[in-house]
Structures are given as C-alpha cells and as structure tokens.
Amino acid sequence: MPDFAVLGGGLSGRLVAWRLAGAGHRVALYERGGPEGGEAAAWVAAAMLAPLAEAAVAELLITELGVASLETWPCILAELPEPVFFQRNGTLVVWHHADRTEAPLFERRVRANAPRELADAHFTTLQGAQLDAAEPALAGRFARGWLLDGEGQLDNRQALAALAAGLAQRGVQTHWNTSVDDANLPQARVTIDCRGLGAKPALPALRGIRGEVARVHAPGIGLTRPVRLLHPRYPLYIAPKQNDLYVIGATEIEGEDRSPVSVRSALELLSAAFAVHPAFGEARILELNSQCRPTLPDHRPALIWDAGRGDGKTLRVNGLYRHGFMIAPAVADEAVRMAEAMLAGKLADADAFEALRAESRWASMLHATAGQDTHSERAHA
Ligand SMILES: Cc1cc2nc3c(=O)[nH]c(=O)nc-3n(C[C@H](O)[C@H](O)[C@H](O)COP(=O)(O)OP(=O)(O)OC[C@H]3O[C@@H](n4cnc5c(N)ncnc54)[C@H](O)[C@@H]3O)c2cc1C
C-alpha cells in the first residue's frame, strides 16, 4: 500500500506528489485526465506570479504566500527534468487616458492589501520616455504606467509537463485517465485530495469561477513582460510566453459553465489587446479556452484535515482560486508538512492539529473538520 494517494493531478496534486516522492515516500497519483493536464484549471491559466499586482484584488495572506512562492519556484524548476520558461521581469500596469480614474483606485487597493515595504520597494511610476524605455514595444502608446518589478511568470503547460516527467523520475505510481470519487477511494495510508473543483462532493461550499482566455501567436510585437490594462469593464492582461505566444485573459464569471468561450468574451479580450497594441490585429488565434477556478467562499486557499471520514487520514488542498501558480509552492510546502504529520500518526486528534497549526506561518490556511457540515461552516465563516 502506498504511503500517499494523491487525488487529482492538476497543479497542486502534481506538486505535492512530486515533493512527497522527493522526500522518499511511496506515492500514487490519480488524475481523471492525461499527463498533459488538459482537464486542469492549470492548463488554461496565464501562470503569472504577481503578488503585488494581485494585491489589488487579494488580501495579505495571498500576497505573502505569493512572495514566498516566487522565491521557491526557481528551486523547484531547477530540479525538474524538463525546462520550463520562467522570468522575473516585473509586471507593467497601464491605462488609457479615458480610464485614468482607475489608476488611483488600483494603487490604493494594492497599497492597502500589500505589506508597505513591498509596495514601496517595487511600485515604480513610469512617465512618458521612462515607460517607452522600459517596454519599447509600447513606445508612445501610454502616457503613464507602473512597473511592479521582480514579479514573475512561467509557462503553465511546460510546468505541467515537467512535473509529470518529475513524477516519473521520482517513481510516483501515476494513474492517468482515472477518475476517483468518494465511493472508489484507492488504498493508501493517507489520502490527499487535490481535485480542485472535482472535490465539490466532499467540499460543498466550493464553487467555480469561470475564466476565459485567448492564446495568440503575434510575431514582431515583442512585449517583454506581462502587461495589465486597467479598465472599468474589461481589465485585461497580456502575458508573453516564448516564441511570440501571448496569453490574453481573463474573464471572471461566477459559475461552473465549461462551455466554449462566448462571442462577447472573445470580443472583449481581443479588442482590449488590440487597444494595447494594434499589431494584435494581425495575431493568429491559436485557441480560445475556458476553465473554472476552484474557489472557497472566503477566496482563500485551504488545507483541510478531514477527520470526518472517521480515520482522520484525508487532507484536502483546495481553494487556490485565481492564484494557484502564484502560491502553489508555499501551499505545497505546508501540505507536505501536514501530510507527513498524518503519516507519522502525529495528527491523531484536535489538540495535535492545533499544535501543528500554531507552528505554521500560514495558520489561517489550516483547518480541521468533523465532516461535511463543518466544511460548509468553515467555508462560510
Ligand atoms: C483563465 C484562468 C487564468 C488563470 N491565471 C492564473 C495566473 O495567471 N496565475 C495564477 O497563479 N493562477 C492562475 N489561475 C488559477 C490556477 O490555474 C488555479 O488556481 C490552479 O490551477 C488550481 O490548482 P488545483 O490543483 O487546485 O486545481 P486544477 O489545476 O484544476 O487541478 C485539479 C485536477 O483534479 C483533477 N480531478 C478533478 N476531479 C477528479 C476526480 N474525480 N478524479 C481524478 N482527478 C480529478 C482534474 O482533472 C484536474 O487535473 C488561472 C485560472 C484560470 C481558469
């Protein structure tokens, strides 16, 4: 019997399984889709690692998890057997003159939610020529902007592929194209549920927030970093990957609709990109795609020690919402710590859980439940 059965091989499942195998444990992973990761929210994500930019819509916990994870990603990538595009060239935030009232709102939200020293050190105002010099592809197009330096991004699909290769290298027993539900749980000493939205039967308060993106090929534009366009109705980002590939996103629509991208959303995304640089008019649309971000009511990630099944041997990792790539390394670290405590029999009761929680830098992510009712209570707290 393996030490750990990891359910769900999207972003968090792959990372946790890979980490546990690296620590010498016997790990089995069950994923309803294939090794490429096409069923995961992570497949569609832009994979920006932007804790300061995201502070405009996220609380301090998320910013801090993001800052810690940004330092950890290069170490993870260095250990994976395949290369993954990763850069820390900052985020550029711009707006059109007509939307200039959005700028102070954005700045106020970032400064309210992010640690002061982080915002002071990495929030640089660029005017005219400075902006043109920082991002020559946009020269003359915007009068002002902000450079949030040090922020990063990676290639989501390369990361999923490299993690799959890493799982094989570390001897993880992978069961691709294998759906697991609570009625057919695999045997293991500890179960780690990383099924994202697929964990909804066990976490009824979980919900999906649909995101739509376009992937385009646009040779010759040459953006050097993710660009965010402030707009009252269509806030947008353009994340340049390798080989002139751009991910343009993303809508945020309440609901678990996985149908194809709507005409309205496609028009909004592509028109906004065209407004950032008219050369996007000649870009070739490679893909319009949608996925749902797994979200808990408080919009925070959660590590839930599930005592409700009677054996106290299930850990649920969920609620990564729109920040999965940005925070996954720190979340996975904590998940590994909890999982190893469970395997060692150190998480036998509520007192032991409280002791583990008290030691955690991220205590507010850690929860214990006694069953489904408590999942709902915690999630609505
Ligand atoms: C449009 C969009 C843009 C995004 N952009 C960013 C971004 O720029 N930066 C960022 O940090 N984050 C971004 N995200 C968020 C990020 O993708 C998610 O937070 C992250 O993928 C969540 O990871 P997860 O492992 O919890 O879920 P997932 O990646 O969805 O993985 C869950 C896995 O579980 C599997 N599964 C489900 N049910 C079962 C079952 N019954 N049996 C077996 N397997 C099952 C699924 O097939 C899937 O592979 C974006 C998301 C979207 C949709």
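First listed ligand is number 1; within each ligand, the first listed atom is number 1. As the structure is a computational prediction, the values presented were derived from the model and not from experiment.
- Remark: minimum distance from atom 23 (O) of ligand 1 to any protein heavy atom is reached at L11 CB, 3.9 Å.
- For atom 27 (O) of ligand 1, the nearest non-hydrogen atom of the protein is G196 CA, 3.9 Å.
- Near G211, with a cut-off below 4.0 Å to any heavy atom, the atoms of ligand 1 are 1 (C).
- Using a 4.0 Å cut-off between a side-chain N of Lys or Arg and a carboxylate O of Asp or Glu, R195 and E39 do not qualify as a salt bridge.
- Note on L269 and V93: separate hydrophobic clusters, where clusters join Ile, Leu, Val, Met, Phe, Trp and Tyr whose side-chain heavy atoms are under 4.5 Å apart, directly or indirectly.
- Within the 4.0 Å heavy-atom shell around ligand 1 one finds Y237.
- Ligand 1 places these atoms under 4.0 Å from at least one heavy atom of Y30: 43 (C), 44 (N).
- Salt-bridge formation is detected for the pair R157/E287: a Lys NZ or Arg NE/NH1/NH2 atom is positioned less than 4.0 Å from an Asp or Glu carboxylate oxygen.
- Contacts with ligand 1 closer than 4.0 Å are made by no heavy atom of V317, backbone or side chain.
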Side chain to side chain donor-acceptor pair (under 3.5 Å) between E334 and S360, intermediate numbers included: CA-CA 8 Å; E334 202 60 33; S360 172; 2.9 Å; yes
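- The closest approach between G249 and ligand 1 stays at or above 4.0 Å for every heavy atom of the residue.
- At least one N or O atom of A41 sits closer than 3.5 Å to an N or O atom of ligand 1.
- With a heavy-atom cut-off of 4.0 Å, V213 touches ligand 1 through its side chain alone.
- Pairs passing the ring-ring contact (aromatic ring centres under 6.0 Å, His included) check and including a residue from residues 187-231, sequence neighbours excluded, read H231-Y234.
- Nearest protein heavy-atom neighbour of atom 41 (N) of ligand 1: V180 O, 2.8 Å.
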Using a 3.5 Å cut-off and no angle test, enumerate the donor-acceptor pairs between side-chain atoms of residues 46-59 and protein atoms at least two apart in sequence or in another chain.
residue, atom, partner, partner atom, Å
E54, OE1, R322, NE, 2.8
E54, OE1, R322, NH2, 3.3
E54, OE1, H323, NE2, 2.9
E54, OE2, R228, NH1, 2.8
E54, OE2, R228, NH2, 3.1
E54, OE2, R322, NH2, 2.9
E59, OE1, R300, NE, 3.3
E59, OE1, R300, NH2, 2.9
E59, OE2, R300, NE, 2.9

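- Across I238, T91, L147, a single residue satisfies side chain to side chain contact (heavy atoms under 4.5 Å, CB included) together with R225, and that is L147.
- Between V44 and ligand 1, not a single N/O pair is under 3.5 Å apart.
- Atom numbering of ligand 1 starts at 1 in the shown order; those under 4.0 Å from a heavy atom of L320 are 19 (O), 22 (C).
- The single protein non-hydrogen atom nearest to atom 37 (C) of ligand 1 is R195 O, 3.2 Å, given as residue, atom name and distance.
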Stepwise salt bridge (Lys or Arg N to Asp or Glu O under 4.0 Å) test for R337 and E359: CA-CA 11 Å; R337 199 169 76 92; E359 287 167 12; 3.1 Å; yes
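- Aromatic rings from F106 and W146 are positioned such that their centres are separated by under 6.0 Å.
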Residues E282, R284; criterion salt bridge (Lys or Arg N to Asp or Glu O under 4.0 Å); working and verdict: CA-CA 7 Å; E282 285 304 317; R284 297 299 187 258; 3.7 Å; yes
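- Neither the backbone nor the side chain of A50 comes within 4.0 Å of ligand 1, counting heavy atoms alone.
- Using cut-offs of 30° and 60° for the angle between ring planes, the W305 and F353 rings count as parallel.
- D155 has no carboxylate O lying under 4.0 Å from a charged side-chain N of K241, or vice versa, which leaves the two without a salt bridge.
- With a heavy-atom cut-off of 4.0 Å, A47 touches ligand 1 through its backbone alone.
- Going from atom CG of L288 over to atom OG of S262 covers 9.5 Å, rounded to the nearest 0.5 Å.
- Summarising the geometry of C292 relative to G208, their closest heavy-atom pair is CB-CA, 4.2 Å, with the distance given to 0.1 Å.
- Heavy-atom proximity to F325, at under 4.0 Å, picks out these atoms of ligand 1: 10 (C), 11 (O), 12 (N).
- Considering backbone and side-chain N/O atoms, G324 comes within less than 3.5 Å of an N/O atom of ligand 1.
- Regarding atom 48 (C) of ligand 1, its nearest protein heavy-atom neighbour is E31 OE1, 3.5 Å.
- Applying the 4.0 Å criterion to heavy atoms of G10 picks out, from ligand 1, the atoms 29 (O), 31 (O), 33 (C), 49 (O).
- Of all atoms in ligand 1, numbered sequentially from 1 with element shown, those under 4.0 Å from a heavy atom of A46 are 3 (C), 4 (C), 5 (N), 6 (C), 8 (O).
- The protein atom (non-hydrogen) at minimum distance from atom 18 (C) of ligand 1 is Y321 O, 3.5 Å.
- Using a 4.0 Å cut-off between heavy atoms, R322 contacts ligand 1 through its backbone alone, with no side-chain atom that close.
- Comparing heavy-atom distances from atom 36 (N) of ligand 1 across R32, M48, R14 singles out R32 as nearest.
- For the pairing with L138, the side chain to side chain contact (heavy atoms under 4.5 Å, CB included) check across L223, I221, D132 returns one residue only, L223.
- Of the heavy atoms in H323, only backbone atoms (N, CA, C, O) come closer than 4.0 Å to ligand 1.
- Between R264 and E212 there is no salt bridge, since no side-chain N of the basic residue sits under 4.0 Å from a carboxylate O of the acidic one.
- There is a side-chain donor-acceptor pair under 3.5 Å between E340 and H25.
- Counting only non-hydrogen atoms, the option in K200, R293, Q291, R210 that gets closest to atom 52 (C) of ligand 1 is R293.
- Closest protein heavy atom to atom 50 (C) of ligand 1: A45 CB, 3.4 Å.
- Every atom of ligand 1 with a heavy atom of S12 under 4.0 Å away is listed here by number and element: 24 (P), 25 (O), 26 (O).
- For atom 21 (O) of ligand 1, the closest non-hydrogen atom on the protein side is A42 N, 3.1 Å.
- If you number the atoms of ligand 1 from 1 as listed, the ones under 4.0 Å from a heavy atom of M326 come out as 10 (C), 11 (O).
- Here atom 32 (C) of ligand 1 lies nearest to C194 when heavy atoms of G198, G38, C194 are compared.
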